[in-house]
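Hydrogens, waters and symmetry mates play no part in the numbers below; they use all other heavy atoms, side chains included. Below, chains carry the letters A, B, ... as their sequence lines are ordered, and counting in each starts from 1. None of the values given here were measured: they were computed from a predicted structure.
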Protein chains: 2
Amino acid sequence: MLGEKKFAVEYVEERPWERRLDFLMLNPSGEVPVLIGEAGTIAGHYAISEWLEEKGGALPLMPSSGLSRAEVRRISAWFDDKFHQEVGRLITVEKIDRRFMGAEDGGGGPDMDVVRVGLHNLNLHLEYLTYLLQSRDWLAGGEMSLADLTAAAHLSCLDYTGDVPWKLWPVMRDWYARLKSRPSFRPLLADHVAGMRPPPYYADPDF
Amino acid sequence: MLGEKKFAVEYVEERPWERRLDFLMLNPSGEVPVLIGEAGTIAGHYAISEWLEEKGGALPLMPSSGLSRAEVRRISAWFDDKFHQEVGRLITVEKIDRRFMGAEDGGGGPDMDVVRVGLHNLNLHLEYLTYLLQSRDWLAGGEMSLADLTAAAHLSCLDYTGDVPWKLWPVMRDWYARLKSRPSFRPLLADHVAGMRPPPYYADPDF
């Protein structure tokens with residue numbers, strides 16, 4: 001979202017499970033993301049994305065009609081709540097987050113039974129998203145929006161561990177290829193998890 | 001929110017765990033709330049609350065400054081995500097939702113170990129909210145906002161089963177008494193769960 005709007009930002013790594021006191025002073029909920037700007041500090045993806053959209057920037061990521069904005073927010077919430085609970089949390093937390101946690105915070109190797117439930121749910125979600133894209137160019141309507149960026153963020157995490165069965169879902173693959181080829185995605189796709197290599201097609205717009 | 005804005009609405013009961021096909025056509029995520037209006041259908045509390053705020057109504061529930069709006073959204077998301085996951089889900093789902101679910105959907109009596117974890121977390125949250133209200137009239141700033149209504153909605157569910165230790169948290173009790181005495185709250189406090197009576201002080205603004 002920052003890239004599409006051409007807002008300059010410097011990224012700082014935070015491991016929220018370490019519950020650093022200085023970080024808790026910025027966001028008492030102890031969660032990322034937190035945006036620190038000249039005007040002040042804004043905590044949480046909901047407050048940050050709405051604030052960035054109010055600021056405007058190079059590209060609007062919400063349509064002008066109220067009902068169309070509601071559809072963008074419905075799909076964004078779908079990913080942040082439902083998709084994360086039913087898919088992302090089960091795969092990404094098991095395969096990535098737990099590698100970096102101490103045993104006392106729940107760290108360790110992935111529980112593959114949990115991962116399998118996530119993979120099963122992922123296909124149900126990809127089926128619904130394919131249905132949406134059969135009547136729309138982008139997930140929430142005719143223009144690319146916050147809904148597409150939210151969805152791509154969640155799917156990109158799953159793609160990093162090679163868990164998105166793109167061959168089964170060609171409509172979703174074409175949609176994701178359009179996003180991957182945008183300049184805003186290049187720095188994101190170049191970012192690596194320490195000690196974990198993504199599959200060769202991960203950063204390739206033609207995959 | 002509808003009451004404060006004086007938007008007329010008719011409520012329809014929905015048991016989302018029954019996954020009625022007609023309801024899934026309105027909201028494929030199968031979750032409440034869904035708002036059906038003349039202009040169209042809006043699904044999910046995030047899309048609905050932002051849409052109502054854009055419509056305006058009798059009382060604004062977001063401040064005009066961008067940073068203050070971000071604070072309203074931070075606190076609202078705190079309740080809808082963090083408070084619900086750490087407290088509400090553990091108490092309300094165990095004590096209320098499971099009474100109405102069939103055994104095949106996870107119905108049955110409450111697991112009191114789960115409820116106890118929720119009660120422990122509730123006191124940690126009430127401590128933080130008390131801290132906020134020591135420097136503010138309302139949770140997100142100087143005016144009542146969506147953050148207060150969101151918080152009151154979550155706490156009211158816990159109050160229905162008598163699980164909020166108001167005596168330990170007098171600052172929170174005073175805040176909640178101000179909300180309970182508003183006309184918009186009267187119909188909400190008169191609403192009862194079938195076969196379950198709330199404690200006598202539940203609907204009383206002087207409790």
Side-chain angles (χ1 to χ4, degrees), chain A residues 16 24-31 33-56 62-86 89 124-125 127-129 131-132 140 146-147 150, chain B residues 16 24-31 33-56 62-86 89 124-125 127-129 131-132 140 146-147 150:
Chain A
L24 291 173
M25 301 286 281
L26 292 173
N27 187 10
S29 86
E31 286 161 359
V34 171
L35 180 66
I36 306 170
E38 286 163 27
T41 298
I42 300 183
H45 64 83
Y46 166 39
I48 291 172
S49 61
E50 292 284 344
W51 187 82
L52 293 174
E53 190 56 31
E54 288 175 3
K55 287 282 150 193
M62 291 248 195
S64 54
S65 125
L67 268 185
S68 304
R69 266 199 304 284
E71 182 67 354
V72 169
R73 289 173 175 136
R74 175 181 81 88
I75 311 252
S76 298
W78 179 295
F79 277 91
D80 289 330
D81 300 339
K82 194 174 173 70
F83 187 90
H84 175 68
Q85 289 298 323
E86 297 181 357
R89 187 176 58 90
L124 301 179
H125 283 271
E127 185 176 358
Y128 174 62
L129 297 168
Y131 159 79
L132 285 182
L146 177 62
T150 305
Chain B
L24 291 173
M25 301 286 281
L26 291 174
N27 186 11
S29 86
E31 286 162 0
V34 171
L35 180 66
I36 305 170
E38 286 162 28
T41 297
I42 300 182
H45 64 84
Y46 166 39
I48 291 171
S49 61
E50 292 284 342
W51 188 81
L52 293 173
E53 191 57 30
E54 288 175 4
K55 287 282 150 195
M62 291 248 195
S64 55
S65 125
L67 269 185
S68 304
R69 266 199 304 283
E71 182 67 353
V72 170
R73 289 171 174 137
R74 175 180 81 87
I75 311 252
S76 298
W78 178 295
F79 277 91
D80 289 330
D81 300 338
K82 194 175 173 70
F83 187 90
H84 175 69
Q85 289 298 324
E86 297 181 357
R89 187 175 58 90
L124 301 178
H125 282 271
E127 186 176 359
Y128 174 62
L129 298 168
Y131 159 78
L132 285 183
L146 177 61
T150 305

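Comparing B:A70, B:A47, B:S29, B:G66 by heavy-atom pairs within less than 4.5 Å of chain A, the highest count is held by B:S29. The candidate from B:W78, B:Y128, B:Y46, B:W51 with the greatest count of non-hydrogen atom pairs under 4.5 Å with chain A is B:Y46. The candidate with the highest count of non-hydrogen atom pairs below 4.5 Å against chain B, out of A:A39, A:G37, A:G44, A:A77, is A:A39.
Within the 4.5 angstrom heavy-atom criterion, no atom of B:D80 approaches chain A. Looking at A:Q85, the atoms closer than 4.5 Å to chain B (heavy atoms on both sides) all sit in the side chain, from C-beta outward.
The line from CG of A:D81 to NE2 of B:H45 is 5.5 Å long, rounded to the nearest 0.5 Å.
Looking at B:I48, B:I42, B:N27 one by one, the single match for side chain to side chain contact (heavy atoms under 4.5 Å, CB included) with A:R74 turns out to be B:N27.
The existence of a salt bridge linking B:R73 and A:E53 is excluded, since no basic side-chain nitrogen approaches an acidic carboxylate oxygen closer than 4.0 Å.
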Self-check item: Steps toward side chain to side chain contact (heavy atoms under 4.5 Å, CB included) verdict (A:E31, B:K82)
Solution: CA-CA 10 Å; A:E31 286 161 359; B:K82 194 175 173 70; 4.2 Å; yes
